[in-house]
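The next block holds one structure in the form of structure tokens; read it before the comments.
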Amino acid sequence: QEWISQKIIEVSCLVSYKKHLWVGTHGSGLYRLTTDLKQYEKPLSLKQSKIITTLYSPDTSKLYIGTMHHGGFIIKNQELLQHLNAEQGLSNNHVKSFLVDQWGGLWIGTSGGGLQKYVGSHFKHMTRKNGIHGDFVYSVYKDQQEQLWLGTENGFQKQTDTGWVYFDQHHQFSNTKVKCFYESPEGTMWVGTDGKGLIQVAQDTAGQDSLIFYTTKDGLSSNWIRDIIYHPVENRIYIATLGGGLTIAQRAIVDSSVQIQFKKLKDPNMPARINQMALDQKGRIWLATDNEGLLYWINEIQAPAGNENLASTRIRSLTFGQKHLWIGTATKGLFEVNTHSEYLRVTPKSWNTQLTSSNIYQVLLSQDSTLWIGSEKGLDKITNPTGKEVQINHFGYNDGFTGLETCQNAVFEDSLGRIYFGTISGLEIYSDKEVEISADPPKIQLKDVLLFYQPISKANHESFSYD
């Protein structure tokens with residue numbers, strides 16, 4: 001009678017899960033009844049999903065919920081584990097049925113989209129629906145407080161414990177691409193932009209963030225910033241630009257106050273356009289240039305042997321690891337330099353032809369010594385990149401990497417091993433802990449054995465001689 005008074009009349013499905021009776025309704029969402037069946041409650045929010053089409057719990061660990069218009073939900077330990085919808089590759093958001101097979105594969109029946117099999121994904125996809133103020137994620141960073149910073153075509157934002165904080169038109173800053181972040185050892189956040197120079201994020205006396213802008217009027221060599229790194233031995237910041245080469249930034253005391261001073265590095269061989277930098281163990285700053293190959297700075301511009309192989313292509317990405325500098329190019333795939341060797345030489349990788357694309361936008365060597373390469377066709381994951389037995393796996397749209405085309409150097413790994421990839425369609429977050437591996441052995445049935453492509457039952461055994 002209480003349900004009728006609340007106009008909860010049409011019950012579509014029932015299931016027992018975690019000693020409760022779960023009730024799906026047509027129009028009033030999901031309910032959970034207590035064990036004595038006298039009280040009911042709304043257990044969790046399902047993103048305005050009012051029409052529950054199916055409930056399925058094949059074991060005691062998970063509950064699968066199908067909805068009309070909002071896809072499917074997976075519950076584990078009475079908490080929302082995953083939301084499956086068209087953004088993750090589901091053919092239709094109207095889910096009618098679930099089935100977990102003996103291999104652990106999840107089969108999803110839809111209304112209008114047919115049958116699909118879902119085996120899990122390593123990737124979590126974030127877009128405007130998750131609060132990102134833009135489609136293109138040009139830069140990714142996590143600061144010392146584990147706050148996530150994103151740069152888009154509409155400024156930048158950071159994720160705090162209470163939600164997103166946006167730096168846009170309210171900070172006299174919008175419709176500008178943000179290409180890089182850097183946090184100094186004392187916790188100052190620096191932001192590199194396209195056309196508006198360098199930004200220092202500072203806090204006022206009330207604890208509110210404020211922006212301090214530095215441009216060519218303040219000594220920057222260019223307002224188009226591509227990368228920022230800190231040199232601990234020299235205690236100064238290097239800034240890579242498009243059109244102005246390298247600029248250094250240092251604190252100086254002027255009229256009893258601390259100020260930031262900028263100075264352009266002057267060298268006749270200094271490239272004007274620098275896409276990224278990397279600092280090695282000997283204090284050399286390696287430079288990825290547009291048309292002058294791979295160079296490095298240590299009091300003067302120098303080039304390693306074999307650099308002529310790179311002079312005609314744009315170098316986009318650099319990353320260090322395992323005594324090697326990895327170099328991503330726009331047309332020739334991946335190269336490397338052994339920076340521990342006295343003889344520095346650029347060499348191409350022999351397995352370049354196995355990469356999905358030679359047009360590389362991102363390169364990252366993760367904490368487990370796996371090399372990640374982003375291109376316009378998704379991701380290549382290279383296991384054991386310096387060994388003889390190299391394994392290459394590709395992640396594209398059908399593998400859960402729905403952003404597909406990556407953005408230049410928009411990649412970052414946090415302290416927990418999660419990797420963030422900026423794409424032209426939002427942010428992809430990779431974690432190898434997201435996919436559960438079943439310990440149950442697969443059930444296999446041998447149906448036949450072929451000998452020279454013919455069933456053994458039809459083979460002429462007498463024509464063979466045996467030892």
Side-chain angles (χ1 to χ4, degrees), residues 47 86-87 123-143 145-183 188-204 208-218 220 222-228 239-243 273 275-276 316-317 361-362 374 376 378 401-412 414 418-430:
K47 301 182 183 298
E87 287 189 4
F123 296 95
K124 177 182 178 182
H125 190 52
M126 296 181 66
T127 63
R128 288 180 182 267
K129 294 181 179 180
N130 306 103
I132 298 180
H133 273 194
D135 298 312
F136 292 74
V137 177
Y138 288 115
S139 49
V140 187
Y141 195 86
K142 263 201 171 182
D143 61 22
Q145 300 179 24
E146 292 297 315
Q147 296 180 129
L148 178 65
W149 295 72
L150 301 179
T152 71
E153 72 270 29
N154 296 315
F156 63 103
Q157 60 194 83
K158 70 174 178 178
Q159 190 176 45
T160 67
D161 293 337
T162 58
W164 289 108
V165 177
Y166 301 97
F167 300 86
D168 43 31
Q169 63 270 17
H170 300 295
H171 292 80
Q172 293 80 46
F173 180 77
S174 62
N175 299 323
T176 300
K177 298 176 183 178
V178 169
K179 292 301 186 79
C180 59
F181 295 99
Y182 167 72
E183 185 183 20
T188 301
M189 182 61 70
W190 296 90
V191 183
T193 74
D194 255 8
K196 291 196 175 181
L198 187 67
I199 300 173
Q200 180 184 0
V201 183
Q203 286 193 340
D204 58 24
Q208 298 296 316
D209 290 315
S210 61
L211 306 183
I212 303 174
F213 290 79
Y214 298 96
T215 66
T216 52
K217 295 179 181 180
D218 303 293
L220 280 177
S222 171
N223 288 332
W224 275 259
I225 311 299
R226 280 298 175 267
D227 199 10
I228 308 166
I239 304 164
T241 72
L242 292 186
R273 300 173 64 89
N275 295 312
Q276 198 178 27
R316 290 199 179 108
S317 302
Y361 287 106
Q362 303 172 350
E376 83 283 9
F401 193 77
T402 55
L404 200 59
E405 183 173 340
T406 58
C407 290
Q408 182 173 322
N409 297 325
V411 58
F412 186 86
D414 68 14
R418 291 185 295 247
I419 306 177
Y420 301 79
F421 299 94
T423 77
I424 65 172
S425 301
L427 180 70
E428 299 282 351
I429 306 174
Y430 171 88

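In this chain, numbering begins with 1 at the start of the sequence shown.
The two atoms that bring Met126 and Gln159 nearest to each other are CE-NE2, 4.5 Å, heavy atoms only. Smallest separation of non-hydrogen atoms from Asp194 and Thr176: O-CG2, 3.6 Å. For the pair Ser139 and Val178, the tightest heavy-atom approach, listed with the atom from each and the gap, is OG-O, 2.9 Å. Residue Gly197 comes nearest to Ile225 through the heavy atom pair O-CG1, 3.6 Å, listed as atom of the first residue, atom of the second, then distance. Across Tyr141 and Glu183, no two heavy atoms sit closer than the pair OH-N, 3.2 Å. Contact detail for Lys177 and Tyr138: the closest heavy-atom pair is CE-OH, 3.5 Å.
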Please table the atom pairs, donor to acceptor, closer than 3.5 Å between any side-chain atom in residues 422-429 and protein atoms at least two apart or in another chain.
from, atom 1, to, atom 2, distance (Å)
Thr423, OG1, Ser425, N, 3.0
Thr423, OG1, Gly426, N, 3.3
Thr423, OG1, Gly426, O, 2.8
Glu428, OE2, His125, ND1, 2.7
Glu428, OE2, Thr402, N, 3.1
Glu428, OE2, Thr402, OG1, 3.0
Glu428, OE2, Gly403, N, 2.6

Expected list for residues 146-158: side-chain donor-acceptor pairs under 3.5 angstrom, two or more places apart:
from, atom 1, to, atom 2, distance (Å)
Glu146, OE2, Ser415, OG, 3.3
Gln147, NE2, Asp143, OD2, 2.9
Trp149, NE1, Asp143, OD2, 2.9
Thr152, OG1, His133, O, 3.1
Thr152, OG1, Asn154, N, 3.0
Glu153, OE1, Asp135, N, 3.4
Glu153, OE1, Phe136, N, 3.1
Glu153, OE2, Asp135, N, 2.9
Asn154, ND2, His133, O, 3.2
Gln157, OE1, His133, N, 2.9
Gln157, NE2, Gly131, O, 3.2
Lys158, NZ, Asp209, OD2, 3.0

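To the nearest 0.5 Å, atoms CZ (Arg316) and OG1 (Thr406) are separated by 8.5 Å. Rounded to the nearest 0.5 angstrom, Leu211 CG and Lys196 NZ are separated by 10.5 Å. Atom-to-atom distance recorded for Thr216:OG1 and Leu198:CG is 12.0 Å, nearest 0.5 angstrom. Rounded to the nearest 0.5 angstrom, Phe412 CZ and Phe181 CZ are separated by 11.0 Å. Interatomic distance, Phe167 CZ to Ile199 CD1, rounded to the nearest 0.5 Å: 9.5 Å. Interatomic distance, CH2 of Trp164 versus CD1 of Ile132, reported as 5.5 Å (0.5 Å rounding).
Taking the ring-ring contact (aromatic ring centres under 6.0 Å, His included) definition, one finds that Tyr420 meets it with nothing, sequence neighbours left out. Under the rule for a side chain to side chain donor-acceptor pair (under 3.5 Å), Thr188 has no partner lying at least two apart in sequence or in another chain. A search for side chain to side chain donor-acceptor pair (under 3.5 Å) contacts involving Ser317 returns Asn409, not counting sequence neighbours. Applying the side chain to side chain contact (heavy atoms under 4.5 Å, CB included) test to Lys217 and every residue at least two apart in sequence or in another chain returns Thr215.
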Exercise. Asn223 and Thr241: side chain to side chain contact (heavy atoms under 4.5 Å, CB included), yes or no, with the steps?
Worked result: CA-CA 7 Å; Asn223 288 332; Thr241 72; over 6 Å; no
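You'll find the side chain of Tyr361 reaches within 4.5 Å of the side chain of Glu405, heavy atoms only.
One side chain, Tyr214 or Gln200, offers a donor N or O that lies under 3.5 Å from an acceptor on the other.
In this structure, the side chain of Gln276 does not engage the main chain of Arg226 through any donor-acceptor pair within 3.5 Å.
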